[in-house]
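Report on the structure given below.
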Amino acid sequence: MTTTETRPAPATEPPPRPGWGNWLVGLARRLWRQLTSMRTALVLLFLLAVASIPGSVLPQSNVAVEQVQNFYREHPTLAPWLAKVDGFNVFGSPWFAAIYLLLFTSLIGCVVPRLRDHYRAIRSRPPKAPARLDRLPHHAEVPDFDGDLSDVAAALRKRRWRVVVSDDSVSAEKGYLKETGNLVFHCSLLAVLVAVALGSWYGWHGNRILVTGKDSGFCNSLQQYDESKLGPRVDEGKLPPFCVTLDDFEASFQSSGQPKHFRASVTVEGDGPTHSSTFSVNDPLRLDGASLYLLGHGYAPILRYTDRFGKTQTKEGPFLSIDGMQTSTGAISFPDANVDPSTGKRDANLQMGFDGIYMPTAPAQAPFLRSDFPAENNPGLLLTAYRGNLGLDAGIPSSVYRLDQAQINTGRLKPVGEGKLLKPGESWTLDDGSTVQFVGTKKYIVLSVRHDPGQGIALVAAVLALGGLMGSLFGKRRRVFFRLTSPSPTSSSRLLEAGGLPRTDYPGFAEEFASTVAAVREKT
Amino acid sequence: MAALSDTLLVVAMLSYLVAMICYAAVYAFGDRGAVAKVATRELVGAGGPPVVEVVSEERKPSPGRPSWASRLAGAVLVLAATAQIGSLIFRGVAGHRLPWGNMYEYVLAATSVAAVAWIIVMFQRPALRHLGLYVALTQVVLLGVAGLLLYVPVGPLVPALDSYWLAIHVTAVAISSGVFLIGFVPAGLFLIRSGYDKGRHSFPFSLGERLPAAGVLERLSFRLHAFAFPIWTFGALIAGPIWAESAWGRYWGWDPKEVWAFISWVVYAGYLHARATPSVKQTTATWIAVLGFLTMLMNLFGVNIFFTGLHSYGGL
Ligand code: HEM
């Protein structure tokens with residue numbers, strides 16, 4: 001690595017001729033040379049590192065949208081400015097792209113000439129032995145050598161040197177792997193970039209919550225996802241047509257509440273013959289054209305509400321867990337409650353909403369705020385009832401996990417009585433005679449469905465890059481030379497002189513040189 | 001077993017302190033038996049352009065026997081490393097699993113790798129053994145941080161970590177971090193030494209007088225970085241993404257931990273580039289390596305403490 005020879009000196013420029021055209025060509029040439037220099041590569045690498053930092057400091061919208069929204073709430077003046085310079089989308093921003101595209105352009109400009117040079121180097125022959133082998137860093141003499149140059153060459157070839165024999169000497173070289181590895185490494189980096197681009201053009205994903213049971217299943221189309229993204233080259237109509245229902249979800253826990261194992265059992269239709277499968281965290285379900293990943297799990301309480309007119313509706317709502325013990329919060333609303341059967345009209349001020357805290361293992365005494373354990377050992381639902389206008393008709397998209405806080409604050413949605421803790425099966429009669437029953441819970445999983453056609457290529461390219469890198473870092477170019485001379489014209493014994501030259505930093509060369517000379521002497 | 005592990009950690013820290021004191025005595029009272037000499041020869045010919053060959057005598061055994069303080073220091077250092085590795089092993093025995101499942105254990109594992117890497121260097125390059133002072137110092141600091149701030153009782157793994165990729169990914173990352181840590185020591189000392197050589201004699205450059213030659217430090221630093229870099233590439237940029245794909249559905253998602261792993265990788269790549277570019281000074285290149293290590297620290301402590309992300313099971 002301390003070699004100072006491998007880099008070709010910049011070609012001297014031809015003397016400039018007058019004229020704009022030449023001036024422009026000269027400028028372009030100068031810029032290109034500048035761009036493809038190692039120094040520029042270094043500066044760009046450094047820029048790339050610096051430019052990534054905001055991507056870890058600021059919340060990124062493709063990673064954590066909620067955190068971006070929080071940031072807007074906490075820094076209302078700063079956030080729009082940051083958004084203008086893509087602060088929440090650093091890795092998709094034009095300025096980030098500018099850096100890595102320049103870097104990769106520089107890479108191409110740097111690698112192409114080196115590929116050409118290396119191709120020539122591989123095809124050319126090791127140079128002739130220098131006149132004085134004793135001036136090389138490593139030197140040895142074998143007196144009374146009884147073989148000839150072809151023996152030397154054979155011994156070297158056996159040790160996988162590239163050998164050239166001339167009239168009085170043999171030259172050999174080894175370690176082309178270094179430059180080969182380096183080129184493989186840099187080219188593989190380009191391949192990784194291509195694979196990433198493929199993935200973002202032709203990949204897609206969708207996330208959703210899937211509750212257990214036949215009627216809660218879903219099919220693979222965008223409308224069925226809570227959140228989804230299609231690459232620009234993906235045809236929405238051509239997503240793989242499969243349907244999934246969650247038959248069961250098992251979770252086991254340590255006595256501390258820390259989870260041990262998860263297992264989701266599903267039935268898949270449309271992906272070949274209908275079949276059942278299980279999958280887990282770290283063990284996704286691979287279907288044709290998509291994979292299913294288990295990202296989370298939780299409970300969906302079921303409420304049965306019988307309104308003042310005696311009409312009964314049953315609904316379930318996934319509650320989101322807020323701690324490791326699966327204390328979960330959520331809401332279930334009945335916008336069609338209390339429709340007067342005589343008029344058939346719905347009264348916008350008699351809608352019902354419930355929000356609550358679900359504790360799979362409720363504490364033995366109040367306060368009933370935190371679950372003691374993530375499994376359902378003593379389920380309890382602390383429910384608060386609201387009556388009034390749920391605010392659903394205003395057309396403002398609202399969260400299904402929360403009642404509309406604005407409606408509650410303005411008094412259009414009023415709490416009914418105090419909160420009440422319900423065990424499964426228990427009912428609670430409200431002031432107007434209507435009743436709500438906590439029927440029980442279903443389990444749900446948080447699912448990510450994904451397809452990334454680039455990932456296999458990226459993996460192969462990354463492995464190639466690693467192989468090339470190791471060749472580049474640990475490969476050593478070195479040359480050895482042997483010359484046969486007769487010390488004096490009268491003597492019949494011949495002297496074999498050897499010289500060795502490491503062309504890159506190679507502390508172990510002395511030993512290799514010695515063992516090579518020994519092998520040549522023994523003709524093995 | 002868990003208690004034994006904790007006791008061994010204390011033994012390791014105390015032993016490192018004793019080793020530091022011994023080394024300090026060596027620095028104070030002499031015994032610099034082995035001063036590496038580096039000669040540079042300019043070679044011409046052999047059908048190629050001139051090549052600079054560095055001939056070093058660093059491998060030769062030191063003339064004169066090392067003083068008792070020096071040998072004691074080395075022995076205590078080995079004892080410290082043994083206790084440290086013992087602490088790690090018993091942690092694993094107590095938890096019936098690989099003992100690098102949270103931040104405390106990770107620091108313990110990475111510093112154990114560093115200890116082993118240093119002992120190998122120490123035996124291969126006796127001339128450099130007195131750098132053990134700085135290694136012991138780094139170890140005491142990191143183990144102290146781990147023991148005081150990051151400690152968590154032994155427990156089983158969360159399902160997110162319950163994968164054979166834990167063995168592959170975290171092991172590779174811990175090994176490379178440990179070796180980067182040992183590479184950082186000669187890198188920093190090289191900067192001190194070359195400052196001293198340039199005539200700067202105030203602290204910390206005054207330490208340079210007692211350090212091996214700049215070229216020796218620089219080359220050791222490079223060796224260690226060159227060894228660690230492919231392991232980091234494998235651990236953080238290949239095994240990590242493979243695991244991320246099966247756990248989270250995407251192989252790369254710019255999670256804060258991933259961002260900083262990427263930054264470290266780019267910075268270390270920059271170091272290797274800079275070192276291979278003749279027009280870049282060696283001190284500049286080495287500064288980049290030091291910067292690389294700072295990004296590693298940022299990833300370990302900064303990201304786990306300040307940011308939340310998918311990797312936030314660090315155990316804090
Ligand atoms: C995508 C960005 C790049 C990365 C991540 C990268 C990474 C690396 C790494 C890790 C090495 C070390 C291998 C070794 O020392 O043998 C290396 C070597 C090298 N790179 Fe790059 N590189 C990049 C771009 C470039 C560019 C743009 C150039 C051309 C200007 C370039 C030219 C070289 C050369 C000539 C070496 C060999 C140094 C030597 O050992 O003599 N690289 N690169």
Fill in: Region of A:Arg132 in contact with chain B, defined by heavy-atom distances below 4.5 Å
neither

Can I get a per-line list of side-chain donor-acceptor pairs under 3.5 Å for residues 288-300 of chain B, giving both atom names and the distance, sequence neighbours left out?
{"residue": "B:Thr295", "atom": "OG1", "partner": "B:Ser264", "partner atom": "OG", "Å": "2.8"}
{"residue": "B:Thr295", "atom": "OG1", "partner": "B:Gly292", "partner atom": "O", "Å": "2.5"}

Worksheet item: If you count heavy-atom pairs under 4.5 Å between each of A:Val57, A:Val43, A:Leu294, A:Leu44 and chain B, which one has the most?
Response: A:Val57

Worksheet item: Mind checking what makes side-chain hydrogen bond (donor to acceptor under 3.5 Å, both in side chains) contact with A:Asp86, not counting sequence neighbours?
Response: none

Worksheet item: What residues of residues 445-452 of chain A sit under 4.5 Å from chain B when you count only heavy atoms?
Response: A:Arg450, A:Asp452

Worksheet item: Among B:Ser246, B:Gly302, B:Ala247, which residue forms the greatest number of heavy-atom pairs with chain A at distances under 4.5 Å?
Response: B:Ser246

Worksheet item: Just wondering, are more than 12 heavy atoms of other shown residues or ligands nearer than 6.0 Å to CZ in A:Arg286?
Response: yes

Item to complete: Please tell me if the side chains of A:Phe46 and B:Val266 come closer than 4.5 Å, counting only heavy atoms from C-beta onward.
Response: no

Fill in: More than 12 heavy atoms of other groups within 6.0 Å of A:Lys229 NZ
no

Worksheet entry | B:Ala226 to A:Phe474 - nearest heavy-atom pair and separation | O-CZ, 3.4 Å

Discussion item. Report which part of B:Tyr271 has an atom under 4.5 Å of a heavy atom belonging to chain A: side chain, backbone, both, or neither.
Written reply: neither

Fill in: Trace of the side chain to side chain contact (heavy atoms under 4.5 Å, CB included) decision for B:Phe227 with A:Leu473
CA-CA 8 Å; B:Phe227 179 78; A:Leu473 282 173; over 6 Å; no

Fill in: A:Arg263, CZ: over 12 other non-hydrogen atoms inside 6.0 angstrom
no

Worksheet entry | A:Leu466 side, atom CG; B:Phe229 side, atom CZ - distance, nearest 0.5 Å | 9.5 Å

Practice prompt. State whether the side chain of B:Arg219 and the backbone N or O of A:Asp505 hold a donor-acceptor pair below 3.5 Å, judged by distance alone.
Written response: no

Discussion item. Within this structure, what is the OH-CG distance for the pair B:Tyr268 and A:Leu45, rounded to the nearest 0.5 Å?
Written reply: 15.0 Å

Discussion item. Ignoring hydrogens, what is the shortest heavy-atom contact between B:Ile242 and A:Leu459? Give both atom names and the distance.
Written reply: CD1-CD1, 3.6 Å

Discussion item. If you count every heavy atom of other residues, nucleotides or ligands that lies below 6.0 Å from A:Gln254 atom CD, does the total exceed 12?
Written reply: yes

Worksheet item: Between A:Met470 and B:Pro230, which heavy-atom pair has the shortest distance, and what is it?
Response: SD-CB, 3.9 Å

Worksheet item: How far apart are the closest heavy atoms of B:Ser163 and A:Asn282, and which atoms are they?
Response: CB-ND2, 3.4 Å

Worksheet item: How are the rings of A:Phe96 and B:Trp254 set to each other: parallel, tilted or perpendicular (split at 30° and 60°)?
Response: perpendicular

Practice prompt. Give, as side chain, backbone, both or neither, the part of A:Phe509 having an atom under 4.5 angstrom from any heavy atom of chain B.
Written response: neither

Worksheet item: Is there any side-chain hydrogen bond (donor to acceptor under 3.5 Å, both in side chains) pair reaching into residues 45-61 of chain A, and which pairs are they, with sequence neighbours excluded?
Response: A:Ser56-B:Trp260

Worksheet item: Checking heavy atoms, do the side chain of A:Ala465, its backbone, both or neither come under 4.5 Å from chain B?
Response: neither

